[in-house]
Amino acid sequence: MFEVEKVKKDFPFLQQKIHGKPVVFLDSGASAQKPACVINAIADSYTNNYANVHRGVYTLSDQATEKYEATRKKVQAFIHAEHLEEVIFTKGTTEAINLVAFSLLENYFNEGDEIIITEMEHHANIVPWQLIAKQKKLTLKYIPVTDDGDLDLEKLSKLVSDRTKMLALTHCSNVLGTINPVKEIIDQVKAKYNLAVLIDGAQSVVHQRIDVAALNCDFYVFSSHKLYGPTGVGVLYAKKKWHDVMTPYQGGGDMIKEVSMHEATFADAPYKFEAGTPDIVGVIGLSKAIEYIEKLGFASIQSHEKVLLDYATQRLSQIKGLRIIGQSESKAAIITFIIEGFHANDLGMLLDLSGVCVRTGHHCAQPLLKRFNVPSTVRASFGVYNTLEDIDLLVKGLEKAMKMLS
Ligand SMILES: Cc1ncc(COP(=O)(O)O)c(C=O)c1O
């Protein structure tokens, strides 16, 4: 039994009012609110435990290092990585994808090689590949999306070839909500071709248990801030076999073995890819967020979110002129829609006056919105703290907004 009212109380942010109305937060897909245990862990670290990591010989630095490295272990178990050093801390999903793209540039990609992505990618999983494609004359290909919002996987077998060096795709679309069958896709391409697969887990890691070993992906990336953890921290899972192929993404302190005037040798992974002082307290906060999620349990989170998704789909579908973009059978609790005759931004601004926070615009997925021929949409994305009443308030807010705009 998922006690949502109890869960809601864990989130101080949700206790406030906005424009005199209780906050209805429906933008967790952009960034989730933080439970008190995460906020307290951050405050406690800064108050009692703060020092730089991996450097000091004094107790406080040792304690900070211990907590920081304990998070790496926690993440390893959370995503079922085989080796501890496969967990690399980054600033977020975006940095993790850039790290992979640029660190593979020197030793892995050759002119004429191909990278396959999909039409439903967030810009974070498009632009880094475009950048390296320009630098090394690589070809970027796209798996198309069907009208329902699924990947057109029949096309994949025609796109992939001996020249394909990377398949990078999202596990869950931040716009359509579609959960892609990544395991089947990985099995299909790896059965025939020798290529790397990167999975963008920014949206999926919040909704389901991840097992990178079972998936057999080469890279898996996600951000702490969507997982009820602090901003400024992300995770790159990079399978061990890639560590020597990848050159350092950034140079600086903490990532070297030795430095002379003209040369440097590098530390082993993961430190080779973690130059400079990391977001120590953010990483420690991520640990608490994972503990929090695990305590709730993915089975109950998923059943709660399914109830929210079904109810929201049913209620929103009753609004005249409303069209849901993304009707896959396999969906996370994300609903994106347009209402004929109304601009998404106007609806979003008026919903705000009702205390309802939604995201409007292109959601950093311009090629996808172009595919669906819509310039701007409204997106409601749900988290563990959302209730059926939140959905009623969304619908009520939309009806009020439409009346005002008519
Ligand atoms: C699917 C997906 N990929 C990547 C990102 C980028 O994440 P971040 O901004 O945390 O780096 C997002 C953020 O919305 C996302 O939804």
Side-chain angles (χ1 to χ4, degrees), residues 25-34 38 75 79 88-102 117-131 142-143 145 149-151 166-180 182 185 197-208 210 217 219-237 249 273 278-279 282-283 285-286 289 305 325-326 328 330-336 357-369 371 377-383:
F25 192 74
L26 301 179
D27 198 19
S28 300
S31 201
Q33 296 304 332
K34 321 301 171 199
V38 168
V75 172
I79 60 172
I88 296 159
F89 290 121
T90 66
K91 276 196 315 203
T93 304
T94 303
E95 189 183 51
I97 298 173
N98 277 278
L99 192 162
V100 174
F102 283 94
I117 60 175
T118 84
E119 271 182 350
M120 65 166 81
E121 299 309 314
H122 185 282
H123 295 163
N125 199 27
I126 300 176
V127 184
W129 306 116
Q130 290 177 342
L131 290 173
Y142 284 80
I143 305 175
V145 170
D150 288 307
L151 288 178
M166 171 68 74
L167 168 63
L169 78 156
T170 193
H171 199 166
C172 171
S173 162
N174 65 313
V175 178
L176 308 165
T178 311
I179 299 169
N180 289 318
V182 287
I185 294 171
V197 179
L198 177 143
I199 305 294
D200 175 352
Q203 294 294 336
S204 49
V205 76
V206 238
H207 302 294
Q208 65 188 92
I210 303 302
C217 57
F219 305 100
Y220 197 98
V221 295
F222 63 91
S223 301
S224 150
H225 70 95
K226 295 186 201 281
L227 192 64
Y228 309 101
T231 51
V233 178
V235 170
L236 161 64
Y237 159 80
Y249 171 59
F273 304 110
D279 187 344
V283 166
L286 167 61
E305 290 181 352
I325 314 287
S328 172
S330 168
K331 255 185 95 159
I334 295 171
I335 299 196
T336 293
C357 315
V358 291
R359 173 96 188 259
T360 59
H362 55 63
H363 317 290
C364 298
Q366 286 181 348
L368 181 68
L369 263 69
R371 151 72 183 83
T377 65
V378 181
R379 180 184 72 182
S381 52
F382 302 98

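Keep in mind that the numbers below use all heavy atoms, side chains included, and drop hydrogens, waters and symmetry copies. All values reported here derive from a predicted model rather than from experimental measurement. In each ligand, atom 1 is the first atom listed, and ligand 1 is the first ligand listed.
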> Quick one: are Thr170 and Gln203 in side-chain contact, heavy atoms under 4.5 Å?
Replying inline: no
> Are the side chains of Leu151 and Met120 in touch, meaning some heavy atoms are under 4.5 Å apart?
Replying inline: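 Sidechains of Met120 and Leu151: in contact.
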> Just how far is it from atom CZ of Arg371 to atom CG of Leu176, taken to the nearest 0.5 Å?
Replying inline: 9.0 Å
> What distance separates Leu368 CG from Asn174 CG, expressed to the nearest 0.5 Å?
Replying inline: 8.0 Å
Any protein N/O atoms within less than 3.5 Å of an N/O atom in ligand 1? List the atom names and distances, or say none.
| from | atom 1 | to | atom 2 | distance (Å) |
| --- | --- | --- | --- | --- |
| ligand 1 | 3 (N) | Asp200 | OD1 | 3.3 |
| ligand 1 | 3 (N) | Asp200 | OD2 | 2.6 |
| ligand 1 | 10 (O) | Ser223 | OG | 2.6 |
| ligand 1 | 10 (O) | His225 | NE2 | 2.7 |
| ligand 1 | 11 (O) | Thr93 | N | 3.4 |
| ligand 1 | 11 (O) | Thr94 | N | 2.8 |
| ligand 1 | 11 (O) | Thr94 | OG1 | 2.5 |
| ligand 1 | 14 (O) | His122 | NE2 | 3.4 |
| ligand 1 | 14 (O) | Lys226 | NZ | 2.5 |
| ligand 1 | 16 (O) | Gln203 | NE2 | 2.7 |

>> I'd like to know if the side chain of Ser328 pairs up with that of Asp150 as donor and acceptor (distance under 3.5 Å, no hydrogens or angles considered).
In response: yes
> Looking at the rings of His123 and His362, which for Trp means the six-membered one, are their centres under 6.0 Å apart?
Replying inline: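 Ring centroids of His123 and His362 are less than 6.0 Å from each other.
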